[in-house]
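Note sheet for the following structure.
These numbers were taken from a predicted model, which means no experiment stands behind them. Computed over heavy atoms, backbone and side chain alike; hydrogens, waters and symmetry mates excluded. In what follows, every chain begins at residue 1, and chains take the letters A, B, ... in the order their sequences are listed.
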Amino acid sequence: MKKIQKAFFSRDALVVAKELLGKVISYNNCSGIIVETEAYKKDPASHAFKITPRSEIMLNSYGKFYIYFIYGMYHCLNITTNKNDIGAVLIRSLQPLDGISIMKKRRKTSDIHNLLSGPGKLCQALNITKSLNNTNVDDKIKVYYYKNIKNSEIEKTKRIGIKESKDLDWRFYIKNNKFVSK
DNA sequence: TACTGGATTCACT
DNA sequence: GTGAATCCAGTAA
């Protein structure tokens with residue numbers, strides 16, 4: 001599989017979020033196809049709205065993993081975007097590819113549809129924690145080209161929590177895919 | 001130093 | 001559909 005170059009992530013979060021669909025995320029022999037993403041930019045519902053020590057990794061950086069801990073038990077995996085601005089893409093769901101048996105053990109389930117179908121779930125299955133925060137794409141976690149997703153196959157929806165956007169679509173997933181989060 | 005709530009998930013009802 | 005689990009970043013004092 002061909003690796004994705006860092007420049008891929010220099011573009012706007014909305015573009016990157018859409019184009020990441022169908023790519024593969026791989027870490028320690030476990031991998032999955034990205035089937036759902038969410039774009040984050042400078043809006044009030046986003047960590048990117050206010051620069052803090054935690055979120056400043058998103059400022060003027062791209063192609064880096066922004067990983068944070070939430071609700072006391074889960075991690076969320078983002079990749080920073082927007083070369084000269086602030087932005088990131090949250091990886092929301094993957095379709096399992098490699099390392100399925102070990103991911104089942106980590107997730108304590110045998111249901112393949114429940115392995116990676118959520119931001120917290122996929123971090124648990126891939127064993128991704130905050131220790132990987134601020135690492136570059138391809139340093140430890142790899143991202144590969146895998147298959148092309150046509151525009152007509154992509155469903156767009158609003159992100160939860162966005163107030164001011166009436167006409168912007170922020171969340172992207174592959175239509176009719178059984179592995180997207182509910 | 002103390003308080004609040006979250007880019008979630010799961011077990012219940 | 002509702003609530004619990006559970007830590008830590010952010011904020012205010």
Side-chain angles (χ1 to χ4, degrees), chain A residues 9 12-21 23 25 27 30 32 34-59 61-82 85-96 100 102-135 137 141 143 154-166 168-174 177-182:
Chain A
F9 302 99
D12 188 83
L14 287 163
V15 176
V16 176
K18 205 161 108 175
E19 293 197 11
L20 270 176
L21 296 176
K23 308 296 186 287
I25 294 255
Y27 178 60
C30 292
I34 300 172
V35 296
E36 184 178 354
T37 58
E38 201 162 285
Y40 282 89
K41 293 175 67 177
K42 202 167 179 177
D43 64 85
S46 164
H47 294 185
F49 187 62
K50 203 168 204 176
I51 311 291
T52 64
R54 180 174 66 170
S55 65
E56 73 175 344
I57 162 180
M58 285 191 280
L59 183 63
S61 96
Y62 58 98
K64 279 184 178 240
F65 288 103
Y66 170 44
I67 298 159
Y68 59 86
F69 192 54
I70 194 168
Y71 296 118
M73 18 185 17
Y74 300 106
H75 294 273
C76 287
L77 176 68
N78 300 251
I79 306 179
T80 63
T81 61
N82 296 69
D85 201 350
I86 189 160
V89 173
L90 170 69
I91 311 298
R92 290 193 58 86
S93 316
L94 305 176
Q95 179 173 327
I100 291 175
I102 188 167
M103 292 195 291
K104 280 180 176 173
K105 275 184 197 163
R106 287 186 186 134
R107 289 271 305 122
K108 298 182 170 63
T109 179
S110 58
D111 179 4
I112 196 164
H113 293 102
N114 192 27
L115 276 189
L116 305 167
S117 54
K121 295 177 187 177
L122 68 92
C123 286
Q124 189 177 42
L126 292 173
N127 200 25
I128 287 171
T129 65
K130 238 174 52 171
S131 64
L132 295 163
N133 185 43
N134 210 10
T135 58
V137 163
I141 306 169
V143 189
I154 298 174
E155 189 77 47
K156 302 186 269 184
T157 68
K158 306 255 182 308
R159 225 181 60 206
I160 296 162
I162 283 206
K163 299 164 196 159
E164 84 284 11
S165 73
K166 290 196 171 111
L168 282 175
D169 299 298
W170 300 83
R171 193 183 276 205
F172 304 94
Y173 59 91
I174 300 175
N177 189 289
K178 295 189 176 80
F179 297 90
V180 297
S181 67
K182 71 171 179 58

### Message
Please determine whether side chain to side chain contact (heavy atoms under 4.5 Å, CB included) holds for the pair A/Ile79 and A/Tyr66, giving the CA-CA distance in whole Å, both sets of side-chain angles, and the decisive distance to 0.1 Å.
### Response
CA-CA 6 Å; A/Ile79 306 179; A/Tyr66 170 44; over 6 Å; no

### A/Lys50 side-chain N/O to C/dA9 phosphate OP1/OP2 under 4.0 Å
no

### Query
Atom CG of A/Asn114 and atom P of B/dT9: how far apart are they, to the nearest Å?
10 Å

### Query
Is any side-chain N or O of A/Tyr68 under 3.5 Å from a base N or O of B/dA7, one able to act as donor and the other as acceptor?
yes

### Aromatic ring proximity, centroids under 6.0 angstrom, A/Tyr40 and A/His47
no

### Query
Could you give the NZ-to-C1' distance, from A/Lys130 to C/dT6, as a whole number of Å?
14 Å

### Query
Who is the Watson-Crick or G-U wobble partner of B/dA7, with both distances under 3.5 Å?
none

### Task
Compare side-chain N and O positions of A/Arg54 against OP1 and OP2 of C/dT11 and report whether any pair is under 4.0 Å apart.
no

### Message
From CD1 of A/Ile67 over to P of B/dG6, roughly how many Å is that when rounded to an integer?
### Response
22 Å

### Query
So what does A/Arg107 touch, heavy atoms closer than 4.0 Å: a base, only the sugar-phosphate, or nothing?
sugar-phosphate

### Task
Using atom CE of A/Met73 as one end and atom C1' of C/dA4 as the other, report the distance to the nearest whole Å.
9 Å

### Query
CZ of A/Phe179 to CG of A/Leu94: how many Å apart, nearest 0.5 Å?
11.0 Å

### Summary
Atom OH of A/Tyr74 and atom C1' of C/dT6 are separated, to the nearest Å, by 10 Å

### Query
Between B/dA7 atom P and A/Lys41 atom NZ, what is the distance in whole Å?
19 Å

#### Entry: Sugar-phosphate only, base, or nothing, as touched by A/Lys182 at under 4.0 Å among non-hydrogen atoms
nothing

### Task
Have a look at A/Gly120 and say if it touches a base, only the backbone sugar-phosphate, or nothing, with a 4.0 Å heavy-atom cut-off.
sugar-phosphate

### Task
Determine, for A/Lys41 against A/Asp85, whether the closest basic-nitrogen to carboxylate-oxygen distance falls under 4.0 angstrom.
no

### Task
Return no unless some side-chain N or O of A/Arg171 is found under 4.0 Å from OP1 or OP2 of B/dA7.
no

### A/Phe69 and A/His75 aromatic ring geometry - parallel, tilted or perpendicular at 30°/60° bounds
tilted

### Query
Where the side chain of A/Lys121 is concerned, which of B/dC10, B/dA7, C/dG10 is the nearest nucleotide?
B/dC10

### Message
Rounded to whole Å, please give me the gap between NE2 in A/His47 and C1' in C/dG10.
### Response
10 Å

### Query
With a centroid cutoff of 5.5 Å and a plane-angle limit of 30°, would you call A/Tyr40 stacked on B/dA7?
yes

### Query
Mapping A/Phe69 and A/Thr52 to their closest nucleotides on DNA chain C, which lands nearer the 5' end?
A/Phe69

### Task
Measure from NE2 on A/His75 to P on C/dT6 and round the result to the nearest Å.
15 Å

